[in-house]
Amino acid sequence: MTTDAAPDTVRILDPDGSVVDREGREAIDLKDEDLRALYRYMALTRQVDVECTALQRQGELAVYPPLLGQEAAQIGSAYALGEEDFVFPSYREVGVAVVRGIDLVEYMHFHRGTRHGGIEDPVGKRFAEISVPVSSQILHAVGWAMGAKKDGRPVCAIVYFGDGATSQGDFHEGCNFAGVFGAPVIFLCQNNGWAISVPLERQTAAPIWRKAESYGFPGVRVDGNDVLATYRVTREAAERARAEGIPTLIEAVTYRMGPHSTADDRSRYQPKEEIDRWERLDPLARYRAFLENEGLVEQPWLEEVEREGKELAAEVRRGIAGAPPRDVREMFDWVFSDVPPVLQRQKDEVTELMTEEEHKEQEDRDA
Amino acid sequence: MTTDAAPDTVRILDPDGSVVDREGREAIDLKDEDLRALYRYMALTRQVDVECTALQRQGELAVYPPLLGQEAAQIGSAYALGEEDFVFPSYREVGVAVVRGIDLVEYMHFHRGTRHGGIEDPVGKRFAEISVPVSSQILHAVGWAMGAKKDGRPVCAIVYFGDGATSQGDFHEGCNFAGVFGAPVIFLCQNNGWAISVPLERQTAAPIWRKAESYGFPGVRVDGNDVLATYRVTREAAERARAEGIPTLIEAVTYRMGPHSTADDRSRYQPKEEIDRWERLDPLARYRAFLENEGLVEQPWLEEVEREGKELAAEVRRGIAGAPPRDVREMFDWVFSDVPPVLQRQKDEVTELMTEEEHKEQEDRDA
Amino acid sequence: MPEVTMAQALNHGLRFALENDERVLVFGEDIGKLGGVFRITDRLQADFGDERVFDTPLAESGILGISVGLALAGWKPVSEIQFDAFSYPALDQVISHVGKYRFRSAATLSMPIVMRIPCGGGIGAAEHHSESPETYYAHTSGLKVVIPSTPADAFNLLVRSIRDPDPVIFLEPKSRYWSKEDVDLEPNGLPIGRARIAREGRHATLVAWGGMVARCLETARAAEEDGVDLEVVDLRSLVPLDVETVVDSARKTGRVVVVHEAPMTAGFGAEVVARVVEDAFDSLEAPVLRVTGYDLPYPPATVEEHYLPSVDRILVALERVLNF
Amino acid sequence: MPEVTMAQALNHGLRFALENDERVLVFGEDIGKLGGVFRITDRLQADFGDERVFDTPLAESGILGISVGLALAGWKPVSEIQFDAFSYPALDQVISHVGKYRFRSAATLSMPIVMRIPCGGGIGAAEHHSESPETYYAHTSGLKVVIPSTPADAFNLLVRSIRDPDPVIFLEPKSRYWSKEDVDLEPNGLPIGRARIAREGRHATLVAWGGMVARCLETARAAEEDGVDLEVVDLRSLVPLDVETVVDSARKTGRVVVVHEAPMTAGFGAEVVARVVEDAFDSLEAPVLRVTGYDLPYPPATVEEHYLPSVDRILVALERVLNF
Ligand SMILES: Cc1ncc(C[n+]2csc(CCOP(=O)(O)OP(=O)(O)O)c2C)c(N)n1
Ligand SMILES: Cc1ncc(C[n+]2csc(CCOP(=O)(O)OP(=O)(O)O)c2C)c(N)n1
Ligand SMILES: [Mg+2]
Ligand SMILES: [Mg+2]
């Protein structure tokens, strides 16, 4: 099994779960409970993700972009972070949110269309707002990292984006600023092979991880479906960033096993044989095989995780299904720190136009 | 004399004019008259450039960005092009304009503030409008090259920009499109060490020529003060581009021996010792020494070139000094292919407001 | 005259242009195999080949930047931007080059560039997918800005925009993509620069464009029940603006309300007000009012119907101008 | 109260902010050693160190993008864009993030970002160096947009903008950089959101901002000779807009002309017209007119005085409203 990964790819586990890089595996500073936690997060994420797709099909979410297949890339990297490190997600990082303890109901309000952003108090939670304009969040991470460095804090930022995002000017400007200012930031590119319907070879003529050289910092390609490998390279990158202000570009090679979003029809463009090939590279199966081989998990524990995942998914469903819209009036208070006359007038207009029914509903909710 | 150029730098002539790369020199397909032409263009350019700075000091140009010191980078690369190849300049490419036979008076109207762009009929002249927003013209070159390739024409585009331009998103997007579509284009970066007052190390943490790797095409660093070297690498790049659709990024390492523009005060930021060092690396002196060493030129010829340069400079002066403003009314016809009512109304307003004197002046001019 | 949706009419328009002018190129993100997220380019790549219909890397500044170069090489670039808010990364190329290149060349060349942008709200989309950026474009000299409100005009205007030697920002009201009507597949409609009386009426004039034209017509039907006879003007073309048609209507009714989705402040509605006031002041019986999106970032989908001008909000404004 | 130029007053303003709040950062292209191409940041790096005052790579989207991140890290980023037209590459970050981040967070954070942009024409500059981009910003929800017209207010408004918890687009009229007056180096002037009566008058109102305020005052002096007494309102703050002050003046004089440098179509002047018409219609004796830059790309320097509103052009418009 070497045909499935390009050379220079960091990999610790083979697709069948056996350890191919014994030294690398030993070098990982994780206790057994951490090793189990990685699986648990992946499994919880999988269940939430599948549930959210179902919620969208049932009309409870407006649209949802599944991360199916990308769990190892997200969980391994997120697990490598410290509490004070700051995460800058795109729109597909539910796995990262799970690891970081983000309230998933709050998060899913973004996809329900109840509130933008998804995160209240992002600064407190060290988890930025969901960012849709592709690659734009990269610069936010760099700016935050520059700022944290100015404060002398031993922290780093990590920013998630896709293969398509590397084509944008903001990707370039972000990496370049990071190189010039020695910003403690990790650029975590989940190369899932596709930007909606556009395959990687239409995005760029060079390997993504090699682009780091343009900015004077290290780049590394990792098997994005190997959670131990993504953990390891992120951990090393975080250490370099915090200790030396060295940014790292990580290309986690993975695959989008679902549609781009629930609005997408991937059968129009993903070749059947490619889908089948990656089906066999499922990151959860691989890692479970490893844990079983190593005798780290047993059936009851796996069942418990399964149950926990169901419960978490159900919790998300309970929290989000049927959730009422927010009171539109409060949004007029969100634009500025004060409410200028024009917004006050518009707010008054909205208030007047609300039907009695709506007023009543709103009062009930407020009570 | 090796300390003045980084390793990996293509160089044929040493700063004292002696040939350091004999093989490279032999490989150059230039006849003696071509070798002389290179000098002639550099010398003409130098005179025009100096004259334009003087014209600005005398209030005849609004502002002028000298290319002093960058003659070898511009003339060598421009001379390597074919007639049908298309030049996309920034705002500092007077040397390229000289080689391409661009009407310099027309061109200088840009700097006088008489007309934007500087080039009438850029398509016919294969020389695009002067472009000020840093790096924005890069994408135009790529688009043109894509279009020419679609027509199956054996041509290429060349786009000029500075070291500072490499920090912009458009540089990245342009290179990336070129790599993906195999656009026949040459990215000619004149790394003159400074973007106004910002030195290269604040622009990027990596060598410019290495950035080509990010896009899957070759990059080359060349001694930008060695006209034979810039000729050679551009010639090779043009051949690759036309024959195989392979773009090339050329970093021509040179120095801005003048201010950023006549409005600038470089003593605020360029270190004295740096200025002195580069003074000794003047591209004209170097190439003249080569020509003299090789017995290719003699004093009378050099004097003739000197005289010709003076004449060209005088011609520019005659054409541009005191040139009247254009009739503002015609500009209302330039916005669209037709004149919509609002512009017609505004044109009428301008016409009414013109004083009798202005009307008369204009009529005299039209007659 | 087949009955088609606006989305299909646009597909027909592109097809018509590709067939009738071999210099037309169609490109953008996901417009090839996928046919665009709204399927406006459906099957065009299959039918015209991937030299003329092609996907680009994910970079909007790149897309508009190469459009300039392609135009200089004698092609007619027609790009698709996936959604309104994703047109912003291209603004520098649009403002600094697309709108200026002809001027800069002293009119020695043309920039026959079309930039298609699905825009507007009302379809329950996520953040950044419902904005109305027309003001940014209309305020930029050198750009024509058009927006159809019906399937037939979508076809007509698109074909005309692609034929036009000048840059055209072609806005497509997403909320009308699925509206249907019989469409003449020849560009026989009104030219760019002319407004359309979508409904004749005597008591007041509603001026709108894109998705709000249908809402104004709905309002007119509602008002009719109260004996109020509204005229509805569909601008179609914001630049050039057909002031004459708007002012004629204002003179006739004496009362005007402008309706748009974009936020109020400095929205294009203000321009319409200013032109009406300038040219028809003495005919006005009441202030010219605006009913617009509020000065918020476009809000989440579940409250967008509070944000977009509703029939009720338009009626409130009408009441004010009718009783002034 | 030293007599200083507007350029110096701005330098004092930045200095004041850097001294009084250690979280303030100043950055941009060429703002360090060089002190900015207009020397607004002169000696700030020497005095406050290169951690707080620093040059960036040449990338405006980058500059605004890191501003968002720096704000999330608790800093107060004050960036300089070198010239008006070079603010366009940053528009995506400004529209999609700077103006939206607070809203998106349900107001659980602030974005105390200041983006300084020298703008406007009249200084004989090259292409792209004389534009008036205020409309792009004023139409974007979530941004405050201010522009001083005098040295004293430049200091006052800048200090207030940096203190403001919201993003402020701080426009600096280049043509006034070298104007001089006594300046109180404390931010004791009017707050953001308030307009200023620059001159009281009875017969008609001129509304302007930035560089055009001086031109309107010049016009008022010229008109005075003909016995016409003009009021001049300096908006100072386009968002929030002080409608009350403008409308009060309109009610008093009954005649209003709005003057700005930017092109007419969809310029901010239209917004002023619309607000006056909406709130003061019954007091208006004449249409509210605009005198603006023409709908051209900003023209070459040698003809810019034909392009910018001149005293003559303003007088012609006044004649029309006074004789209506
Ligand atoms: C600036 C911008 N342009 C276009 C889009 C529409 N869009 C959303 S996701 C996407 C593809 C992104 O691909 P990639 O970066 O590989 O991330 P992935 O979705 O595969 O995780 C596109 C084109 C957008 N959100 N932002
Ligand atoms: C987008 C943009 N930002 C800022 C400027 C102002 N500016 C003009 S030239 C220049 C420096 C350019 O440096 P470089 O690319 O190295 O070219 P050089 O001038 O050295 O030839 C700057 C900042 C500009 N023209 N365009
Ligand atoms: Mg992807
Ligand atoms: Mg330079």
Side-chain angles (χ1 to χ4, degrees), chain B residues 86 88 109-110 115-125 128-133 136-151 153 155 157 159 168-170 172-174 176-181 183 185 326 330-331 333-343 345, chain C residues 23 25 27 51-52 54-75 77 89-90 92-93 95-97 99-113 141-144 164-167 191-193 237 239-244 271 275:
Chain B
F86 207 122
F88 289 81
H109 277 294
F110 178 89
R115 218 198 78 225
H116 294 327
I119 314 297
E120 290 208 5
D121 185 21
V123 171
K125 293 176 182 144
E129 301 295 347
I130 291 171
S131 179
V132 169
S136 61
Q137 73 277 12
I138 294 174
L139 282 158
H140 309 164
V142 174
W144 186 89
M146 288 171 65
K149 183 178 178 183
K150 281 182 197 300
D151 277 323
R153 290 161 54 200
V155 291
V159 56
Q168 285 280 8
D170 276 3
H172 174 70
E173 298 188 14
N176 192 49
F177 269 69
V180 166
F181 290 106
V185 58
R326 307 267 306 216
E330 70 186 329
M331 296 185 191
D333 305 338
W334 291 351
V335 185
F336 296 116
S337 54
D338 46 6
V339 182
V342 63
L343 278 170
R345 204 172 79 174
Chain C
R23 302 304 291 176
L25 301 174
F27 53 92
E51 277 296 316
R52 295 188 61 203
F54 56 92
D55 284 328
T56 66
L58 209 174
E60 289 80 8
S61 186
I63 291 170
L64 271 293
I66 65 158
S67 293
V68 172
L70 285 164
L72 291 173
W75 295 92
D92 180 50
Q93 283 289 343
I95 301 172
S96 293
H97 289 296
K100 288 186 164 80
Y101 222 102
R102 183 178 205 280
F103 185 82
R104 194 180 282 152
S105 81
T108 57
L109 55 74
S110 295
M111 277 283 134
I113 289 173
S141 299
L143 306 175
K144 293 179 176 172
D164 201 281
D166 298 318
I192 291 172
S237 173
V239 180
L241 181 64
D242 183 356
V243 178
E244 202 181 317
E271 180 63 28
R275 303 300 290 270

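In what follows, chains carry the letters A, B, and so on, assigned in the order in which the sequence lines appear, proteins first and then strands, with residues in each chain numbered from 1.
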Name the region of [X], side chain, backbone, both or neither, that has any atom closer than 4.5 Å to a heavy atom of chain C.
X         : value
Ile130(B) : backbone
Ala148(B) : backbone
Ala128(B) : both
Asp333(B) : backbone

| query | For Glu330(B), does the CD atom have more than 12 heavy-atom neighbours from other residues, nucleotides or ligands under 6.0 Å away? | reply |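 Check passes, neighbour count above 12.
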| From Ser105(C) atom OG to Arg115(B) atom CZ, the distance as rounded to the nearest 0.5 Å | 7.0 Å
| Interatomic spacing from CD in Glu129(B) to CZ in Arg102(C) - rounded to 0.5 Å | 12.5 Å
Could you tell me which non-hydrogen atom of [X] sits nearest to which non-hydrogen atom of [Y], and how far apart they are?
X         : Y         : value
Leu72(C)  : Trp144(B) : C-CD1, 3.7 Å
Ser136(B) : Asp92(C)  : CB-OD2, 4.5 Å
Arg104(C) : Gly117(B) : CG-CA, 3.1 Å
Asp151(B) : Ala73(C)  : OD2-O, 4.1 Å
Asp170(B) : Ser61(C)  : OD1-OG, 2.6 Å
Gly143(B) : Leu70(C)  : O-CD2, 3.3 Å

| field | Pairwise side-chain contact, His97(C) with Leu139(B), heavy-atom cut-off 4.5 Å (strictly under) | value | no
| Any Pro122(B) side-chain heavy atom under 4.5 Å of Thr108(C) side chain | yes
Is it the side chain or the backbone of [X] that comes within 4.5 Å of chain B heavy atoms, both, or neither?
X         : result
Ser67(C)  : neither
Leu143(C) : backbone
Lys144(C) : both
Ser110(C) : neither
Leu109(C) : side chain

| Just checking, is any N or O donor in the side chain of His140(B) or Gln93(C) under 3.5 Å from an acceptor N or O on the other one? |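 A donor-acceptor contact under 3.5 Å links the two side chains.
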| Using a cut-off of under 4.5 Å for heavy-atom pairs, which of Gly99(C), Ala106(C), Gly74(C), Pro89(C) has the most such pairs with chain B? | Ala106(C)
| request: Using a cut-off of under 4.5 Å on heavy-atom pairs, state which of Ile66(C), Ile63(C), Asp164(C) scores highest against chain B. | output: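 If we count pairs closer than 4.5 Å to chain B, Ile66(C) comes out on top.
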| field | chain C interface, residue from Phe336(B), Phe181(B), Phe86(B), Phe110(B) that has the most non-hydrogen pairs under 4.5 Å | value | Phe336(B)
| field | chain C contacts, top residue of Leu343(B), Ile119(B), Val335(B), Val132(B) (heavy-atom pairs, under 4.5 Å) | value |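 The answer is Val335(B).
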| Six-ring centre of Phe54(C), Lys150(B) cation under 6.0 angstrom, axis tolerance 45° | yes
